[in-house]
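Order of the sequence lines sets the chain letters (A, B, ...), proteins ahead of strands, with each chain counted from 1. Quantities reported herein were computed from a predicted structural model and do not represent experimental measurements.
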Amino acid sequence: MAAPGALAQRVNGWARRVPAWPLYAFGGLYMAWLFWQALNGVSVEPIDWLERAYGITALKFLVATLAVTPLRKFAGVNLLKFRRALGLLVFFFVLAHFLVWAILDVQALGAVWADIVKRPYITIGMGAFLLLIPLALTSNNASVRRLGGAGWRKLHWLTYPVAVLGALHYIWLARGFAIEPLVYMAILLGLLATRLPARRVAAA
Amino acid sequence: GALGAASVAGPALAQPLEPNTFEEITTYNNFYEFGYDKSDPSRYADAMQVEPWSIKVDGLVDNPGDYTVAQLLEGLTPEERIYRHRCVEGWSMVIPWTGVELADVLGKLGVQEGAKFVAFETTVQPENMPGVQAGVLDFPYVEGLRLDEAMHPLAILATGLYREPMPKQNGAPIRLVTPWKYGFKSIKSLVRISLVEEQPPATWNQTNPHEYGFYSNVNPSVDHPRWSQATERRIGGGLFSSRQDTLMFNGYDEVAPLYEGMDLVENF
């Protein structure tokens with residue numbers, strides 16, 4: 001772990017004083033604000049707009065969640081206390097994304113199921129969503145105690161396939177050459193790469 | 001053209017078409033030269049140079065050459081055509097175009113014996129088009145129709161909508177409209193019309209032949225590989241608008257004889 005620099009120390013000092021709960025409030029308000037915008041003419045196609053807005057926001061929180069460990073490892077910035085909230089916000093935005101898709105967009109249970117089975121990019125997105133469920137369910141102190149630190153950490157490796165599947169889902173959606181989905185994939189893969197054992201990185 | 005707006009509405013329609021608003025039609029567009037986001041064309045198309053404008057006519061025609069829009073339309077009277085517009089992505093609009101029948105323009109140009117297809121090309125202005133700079137597709141955007149499709153009275157060259165000159169994001173100054181096909185066939189901002197013998201390349205078909213066929217007729221029973229084409233959502237219904245059934249040929253059954261005997265699953 002890197003020795004924290006002056007800036008990192010200031011951030012750490014600030015992080016010690018600030019509680020994590022406002023993140024949930026921010027996430028909830030942001031979700032409601034996006035919904036309000038969709039209701040009030042942000043786009044002439046608000047269903048598609050909202051679906052995308054929730055999906056992109058989930059990816060942003062995913063990037064933030066996965067950035068916590070490398071920030072600590074390489075910059076000595078300790079934001080660990082915010083990670084659970086960030087991770088849960090990923091889950092809630094993916095849930096909202098799924099609900100907008102299923103209820104407002106596809107509008108029929110049979111068609112929802114058909115799409116999940118038939119369309120690979122939707123299968124992938126659904127897979128990422130399902131992998132997030134055990135993570136969300138065990139994101140409380142009681143579960144951490146029950147699973148034990150090692151077991152809990154092992155379970156949370158599921159975050160890595162979620163990241164890859166989520167980015168792939170976004171890439172696969174595009175018609176033509178779209179740069180943003182590729183940028184998300186690059187950032188997420190970069191964040192995953194920082195978790196490779198140091199000696200393998202050094203040997204490369 | 002002999003057909004008025006009312007007569008081309010199509011037998012599938014019980015009630016008259018209610019056009020989308022000007023704002024809807026001009027702020028939700030696919031025009032990949034300006035980017036892949038639906039709001040990119042209305043944001044960036046202003047930079048496109050449409051004055052002067054020249055359309056090259058070549059190939060198997062009696063009167064080849066470089067035409068202005070006025071020259072191309074000389075002697076023809078633009079009329080209003082209220083058409084349904086079905087995007088391959090699963091949304092739709094109703095648009096009041098102003099235009100002339102493509103057949104009348106081709107008649108003026110003098111289609112020669114041996115011409116079997118019409119090829120179209122969109123302008124490329126890299127310095128004015130962020131999507132071209134980003135390489136979103138292989139530009140120039142090209143499209144094509146079989147000659148009998150091009151001669152069908154439903155196919156028009158449109159120069160305006162809502163009785164105003166064509167907005168840039170909608171394909172100023174002149175574009176194709178083929179309402180029984182997915183929207184991407186209705187190529188925008190034309191700079192070239194060629195009469196050719198062989199089936200010409202079409203951009204989306206070349207980009208992804210598995211997903212976009214040459215014909216691209218609206219067909220609810222042939223899915224896009226990544227989504228169903230059975231239903232569509234009419235733009236303008238808000239957050240709780242329901243899907244509606246997509247109609248064969250987008251409801252324009254009068255084009256069916258063009259495809260008699262063809263396997264429309266094979267030739268999607």
Side-chain angles (χ1 to χ4, degrees), chain A residues 32-56 96 99-126 168-183, chain B residues 20-33 35-40 42 87-93 130-139 141 182-184 203-204 206-208 211-212 223-228 230-244:
Chain A
W33 183 63
L34 290 173
F35 193 87
W36 187 87
Q37 286 187 84
L39 267 180
N40 290 279
V42 67
S43 162
V44 300
E45 223 302 30
I47 299 172
D48 185 67
W49 183 88
L50 189 62
E51 204 172 302
R52 282 169 184 273
Y54 283 167
I56 290 280
L99 290 175
V100 170
W101 171 72
I103 298 172
L104 298 180
D105 187 351
V106 181
Q107 301 177 355
L109 205 61
V112 166
W113 179 247
D115 269 358
I116 291 171
V117 185
K118 258 171 89 174
R119 323 267 174 216
Y121 87 92
I122 292 177
T123 316
I124 283 175
M126 199 63 205
L168 199 58
H169 172 70
Y170 188 25
I171 288 175
W172 209 326
L173 184 65
R175 291 175 67 213
F177 173 73
I179 200 91
E180 268 135 276
L182 298 174
V183 169
Chain B
N20 281 87
T21 65
F22 186 80
E23 197 220 336
E24 286 160 357
I25 295 168
T26 55
T27 58
Y28 195 75
N29 307 96
N30 279 320
F31 198 160
Y32 278 65
E33 282 80 346
Y36 46 75
D37 193 275
K38 296 288 182 297
S39 61
D40 286 338
S42 60
C87 178
V88 74
E89 295 164 347
W91 53 267
S92 64
M93 292 191 190
V132 171
Q133 291 163 25
V136 174
L137 287 172
D138 194 11
F139 297 109
Y141 192 89
Y182 292 119
F184 66 85
T203 293
W204 279 109
Q206 291 215 311
T207 305
N208 198 339
E211 298 192 347
Y212 310 97
D223 283 351
H224 185 280
R226 285 182 281 156
W227 54 83
S228 164
T231 61
E232 66 199 56
R233 195 162 46 240
R234 176 68 47 83
I235 298 297
L239 192 53
F240 304 109
S241 77
S242 41
R243 286 185 166 272
Q244 58 189 66

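- Contact check for A:Leu182 versus A:Ile171: side-chain heavy atoms found under the 4.5 Å cut-off.
- For A:Leu50, the part lying under 4.5 angstrom from a heavy atom of chain B is the side chain only.
- Residue B:Met93 comes nearest to B:Arg234 through the heavy atom pair CA-CD, 4.0 Å, listed as atom of the first residue, atom of the second, then distance.
- Contacts of B:Ser242 with chain A are made by both backbone and side-chain atoms, with heavy-atom separations under 4.5 Å.
- Note on A:Leu39, A:Ile179, A:Asp105: by heavy-atom pairs under 4.5 Å with chain B, the leading option is A:Asp105.
- Contact annotation for B:Asn20: neither backbone nor side-chain heavy atoms come within less than 4.5 Å of a heavy atom of chain A.
- If you measure heavy-atom distances from A:Val106 to chain B, the contacts under 4.5 Å come from the backbone alone.
- For B:Asn208, the CG atom sits in a packed shell: over 12 heavy atoms of surrounding residues, nucleotides or ligands are nearer than 6.0 Å.
- Between chain A and the residues B:Gly238, B:Gly236, B:Ser39, the most heavy-atom pairs under 4.5 angstrom are made by B:Gly238.
- At most 12 heavy atoms of other shown residues, nucleotides or ligands fall within 6.0 angstrom of atom CD in B:Glu23.
- With a 4.5 Å cut-off on non-hydrogen atoms, B:Asp37 does not touch chain A at all.
- Taking the six-membered ring where the residue is Trp, the centroids of A:Trp49 and B:Tyr28 are separated by 6.0 Å or more.
- Of residues 114-125 of chain A, those residues with a non-hydrogen atom less than 4.5 Å from any non-hydrogen atom of chain B are, in numerical order, A:Lys118, A:Arg119, A:Tyr121.
- Side-chain N or O atoms of A:Gln107 include one that pairs as donor or acceptor with a backbone N or O of A:Leu104 at under 3.5 Å.
- Contact of B:Arg233 with chain A is made through the side chain alone, with heavy-atom distances under 4.5 Å.
- For B:Glu89, the part lying near chain A is the side chain, with the backbone staying farther off; criterion is any non-hydrogen pair under 4.5 Å.
- A donor and an acceptor atom, one from each side chain of B:Asn29 and B:Lys38, are nowhere located under 3.5 Å apart.
- When heavy atoms are compared at a cutoff of 4.5 Å, B:Trp204 approaches chain A solely by way of its side chain, counted from C-beta outward.
- Here the side chains of A:Phe35 and B:Leu239 are in contact, with some heavy-atom distance below 4.5 Å.
- Taking CZ from B:Phe240 and CD1 from A:Ile47, the interatomic distance works out to 8.5 Å, rounded to the nearest 0.5 Å.
- The six-membered or imidazole ring of B:Phe184 lies near that of B:Tyr212, with a centre-to-centre distance under 6.0 Å.
- Atom CZ of A:Arg52 has 12 or fewer neighbouring heavy atoms from other residues, nucleotides or ligands inside a 6.0 Å radius.
- In this structure, the portions of B:Ser228 lying under 4.5 Å from any heavy atom of chain A include both its backbone and its side chain.
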